[in-house]
Number of protein chains: 2
Amino acid sequence: MKKTTIHDIARELNITFSTVAKALNDHPRIKASTKIAVREMAVKLNYQQNKLASSLKSGKTGIVGVLVPTLDVSFFSSVVHGIESVMNENGYSILLYQSKELHAHEVSGIETFLQSRVEGIISSLALETSTFDHFKELKERGIPVLLFDRTDDEIGVPCVRIDDYRGGYMATEHLIKQGCKRIVHISTDQNVKIFKERLRGYKEALLHYNLPVDDKLIFYGNLSIELGMQCIQQLVDNNVDFDGIFAFEDYTGLGVLKQLKKLNITIPNQVKVIGFANEAFGAHITPPLSTVDQQTVKMGEESARLFLKLLKSGEYYSTTPEQIVLDPLLIIRESSGGVG
Amino acid sequence: MKKTTIHDIARELNITFSTVAKALNDHPRIKASTKIAVREMAVKLNYQQNKLASSLKSGKTGIVGVLVPTLDVSFFSSVVHGIESVMNENGYSILLYQSKELHAHEVSGIETFLQSRVEGIISSLALETSTFDHFKELKERGIPVLLFDRTDDEIGVPCVRIDDYRGGYMATEHLIKQGCKRIVHISTDQNVKIFKERLRGYKEALLHYNLPVDDKLIFYGNLSIELGMQCIQQLVDNNVDFDGIFAFEDYTGLGVLKQLKKLNITIPNQVKVIGFANEAFGAHITPPLSTVDQQTVKMGEESARLFLKLLKSGEYYSTTPEQIVLDPLLIIRESSGGVG
DNA sequence: CTGAAAGCGCTAACAT
DNA sequence: ATGTTAGCGCTTTCAG
């Protein structure tokens with residue numbers, strides 16, 4: 001069963017295919033009656049425009065490549081949800097690729113996108129990625145790129161992210177205002193900018209409130225529940241004095257809560273805890289975990305909007321790359337002694 | 001900056017573009033030396049094959065449409081993660097569309113996919129969808145469709161799902177074996193097959209163990225934490241005797257736990273609770289919630305594999321539509337008095 | 001081993 | 001108001 005084309009419609013109606021094409025595109029110089037006839041025949045024959053052909057001719061595919069580390073993490077799937085929604089409203093489709101946190105897959109994804117002639121790429125960097133030639137080359141070749149969350153200034157493209165520095169500052173400040181004097185920060189040894197920014201915010205907040213920055217209170221490890229548990233155990237084993245914990249993300253914060261409970265250290269009385277990311281479980285655990293929300297869906301929507309705005313301006317890279325920095329939202333729950 | 005084409009490569013090398021095409025496709029009748037020359041020039045000129053053109057000519061796009069209700073629910077994003085992984089390994093790309101649980105969006109998504117000449121569609125039905133003409137028509141027109149999880153036999157296409165009946169049976173049986181005699185089931189009034197199947201499994205398990213099916217112990221409402229809370233309150237207010245709760249999904253189960261704790265009813269001593277879906281929070285709440293795992297990533301992978309197998313067979317609809325039914329996995333935690 | 005030529009289905013400038 | 005024509009960049013048969 002072959003697909004019907006404008007030629008089929010033309011033949012049925014005894015007109016030329018170019019008249020059909022114009023009728024379907026609502027060309028002003030086509031008689032209303034033939035437009036109607038053409039459309040009826042199109043429906044009758046189950047006609048579907050072949051976008052491959054029209055894209056080939058027009059040079060516009062209406063497709064945007066979305067390249068993310070994985071969809072199996074709620075942060076990314078939520079952002080992609082936002083991107084797709086806005087793109088869809090604007091008549092664009094999404095070609096999806098997961099980098100699996102690998103540099104090589106990222107390169108493959110870009111290759112695939114270019115071959116498919118996407119009109120641009122929206123992406124968030126893989127953890128493994130530490131050189132950025134593949135993205136810089138896209139920019140040099142004039143291909144629209146927008147990065148969200150995991151970005152790098154070196155690349156020089158528009159980006160949308162939250163203010164991780166501010167988030168780190170807010171989380172720490174909150175603990176200070178709750179009365180904490182010796183606040184631990186658990187971070188990661190991975191070379192990822194956003195985590196460094198949260199650490200920077202932590203330090204700045206301490207300085208601002210005249211509290212010492214004590215390296216013995218800063219831990220580095222791999223994102224996991226276990227990391228949080230180990231840090232608490234280590235603090236206790238070494239008789240380190242502490243009354244607040246700011247974990248760089250919620251899973252680590254969860255580990256912190258678990259171990260504190262196990263050791264019968266009361267939360268939030270003896271120790272106050274805050275995480276980062278506002279994962280789905282945080283509101284439902286005991287005690288509910290205070291955290292910092294990253295506005296994931298909005299991040300996706302804003303990414304799509306900025307991308308489309310620049311695309312439609314016709315000069316995507318003409319000016320200094322625009323940045324949208326979203327405000328992190330402090331979510332106060334019982335673990336930090338808030339209004340729970 | 002125009003894209004380079006095979007004509008550009010040909011001109012540089014003083015050969016014809018058709019030789020270039022053959023060289024790039026590793027055609028056997030092309031001299032090794034010219035293949036090398038062509039490839040070097042291709043790299044030098046930053047050549048990217050234009051898939052639009054080759055798809056138009058060959059009739060194969062290597063693109064599969066994935067149409068899901070939303071990515072903002074971990075179940076779906078996790079399945080899509082599995083689909084993309086397998087498709088990617090097999091050289092296919094994913095065009096993504098969210099139906100937002102709406103029938104009309106589902107129709108639009110299909111329309112978009114057809115225009116983009118996808119080689120098939122993998123989808124899960126929107127809650128709103130109760131007539132299936134749009135999918136049946138795809139089948140009639142020979143377009144490969146595979147449904148996962150939210151399917152309908154009436155459509156008659158291959159599908160991948162878990163055995164919800166069995167999951168409902170297992171959950172109920174588990175509570176019975178834990179000693180429960182009066183087990184409540186909370187379900188939904190939405191007309192969704194998988195939820196009805198869980199209910200059917202619940203009833204069968206009771207019958208099998210010679211326990212009465214009591215309509216006063218079956219509740220219907222809208223998927224939410226509140227639903228679980230309300231049901232418990234109602235049971236207590238009406239002095240209904242019960243010692244086990246099987247919630248049709250985890251959020252409702254969470255509400256159940258919350259309200260039981262509020263009313264100082266001990267879990268699992270007085271009442272044992274189990275949910276369904278194995279949401280991320282279940283393992284981390286107090287007490288940890290027993291549940292039934294749906295093997296989401298595997299569901300995506302199996303969907304992609306079955307789809308590709310049928311596609312490659314060259315006769316997608318030749319036989320009775322194949323069904324893959326995955327086994328639900330019982331996850332026993334403290335809320336049902338299991339090995340916690 | 002390489003070249004010539006037709007055509008996939010459409011757009012759009014240019015005729016008529 | 002409609003028709004003619006020339007491609008978009010590629011695959012693929014057939015000729016040389």
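These numbers come from a predicted model, not from an experiment. Residue numbers begin at 1 in each chain, while the letters A, B, ... track the order of the sequences.
Applying the salt bridge (Lys or Arg N to Asp or Glu O under 4.0 Å) rule to R150(B) yields the partners E101(B); only residues at least two apart in sequence or on another chain are considered. With sequence neighbours excluded, the residues satisfying ring pair (Phe, Tyr, Trp, His ring centres under 6.0 Å) with F17(B) are H7(B). For K35(B), the side-chain hydrogen bond (donor to acceptor under 3.5 Å, both in side chains) partners are D26(B), not counting sequence neighbours. In this view, E106(B) and T129(B), H134(B) satisfy the side-chain hydrogen bond (donor to acceptor under 3.5 Å, both in side chains) rule, not counting sequence neighbours. Residues forming a salt bridge (Lys or Arg N to Asp or Glu O under 4.0 Å) with K44(B) (at least two apart in sequence, or on another chain): none. The salt bridge (Lys or Arg N to Asp or Glu O under 4.0 Å) search around E128(B) returns none, not counting sequence neighbours. K60(A) pairs by the side-chain hydrogen bond (donor to acceptor under 3.5 Å, both in side chains) definition with nothing, not counting sequence neighbours.
Between E137(B) and R141(B) a salt bridge is recorded (basic side-chain N to carboxylate O distance below 4.0 Å). Salt bridge annotation for K298(A)-E301(A): absent, with no cationic side-chain nitrogen under 4.0 angstrom from a carboxylate oxygen.
Taking a 4.0 Å limit (strictly below) on heavy-atom distances, residues 39-62 of chain A reaches DNA chain D at L56(A), K57(A). Within a heavy-atom distance below 4.0 Å of DNA chain C, the residues of residues 17-38 of chain B found are F17(B), S18(B), T19(B), K22(B), R29(B), I30(B), K31(B), T34(B).
When DNA chain C is scanned 5' to 3' for any atom under 4.0 Å from a heavy atom of chain B, the first and last hits are dC1(C) to dG9(C).
Without hydrogens or angle criteria, Y97(B) side chain to S93(A) main chain gives no donor-acceptor distance under 3.5 Å. No donor-acceptor distance shorter than 3.5 angstrom exists from the side chain of Q323(B) to the backbone of V160(B), with no hydrogens or angles considered.
End-to-end axis angle of the helix from dC1(C)-dG16(D) to dT16(C)-dA1(D), from C1' rotation axes over five pairs per end: 40° (rounded to 10 degrees).
For the pair H7(B) NE2 and dC10(D) P, the computed distance is 8 Å after rounding to whole Å.
Legend: side-chain hydrogen bond (donor to acceptor under 3.5 Å, both in side chains) pairs involving residues 10-19 of chain B, not counting sequence neighbours, sorted by first then second residue: D8(B)-R11(B), T16(B)-T19(B).
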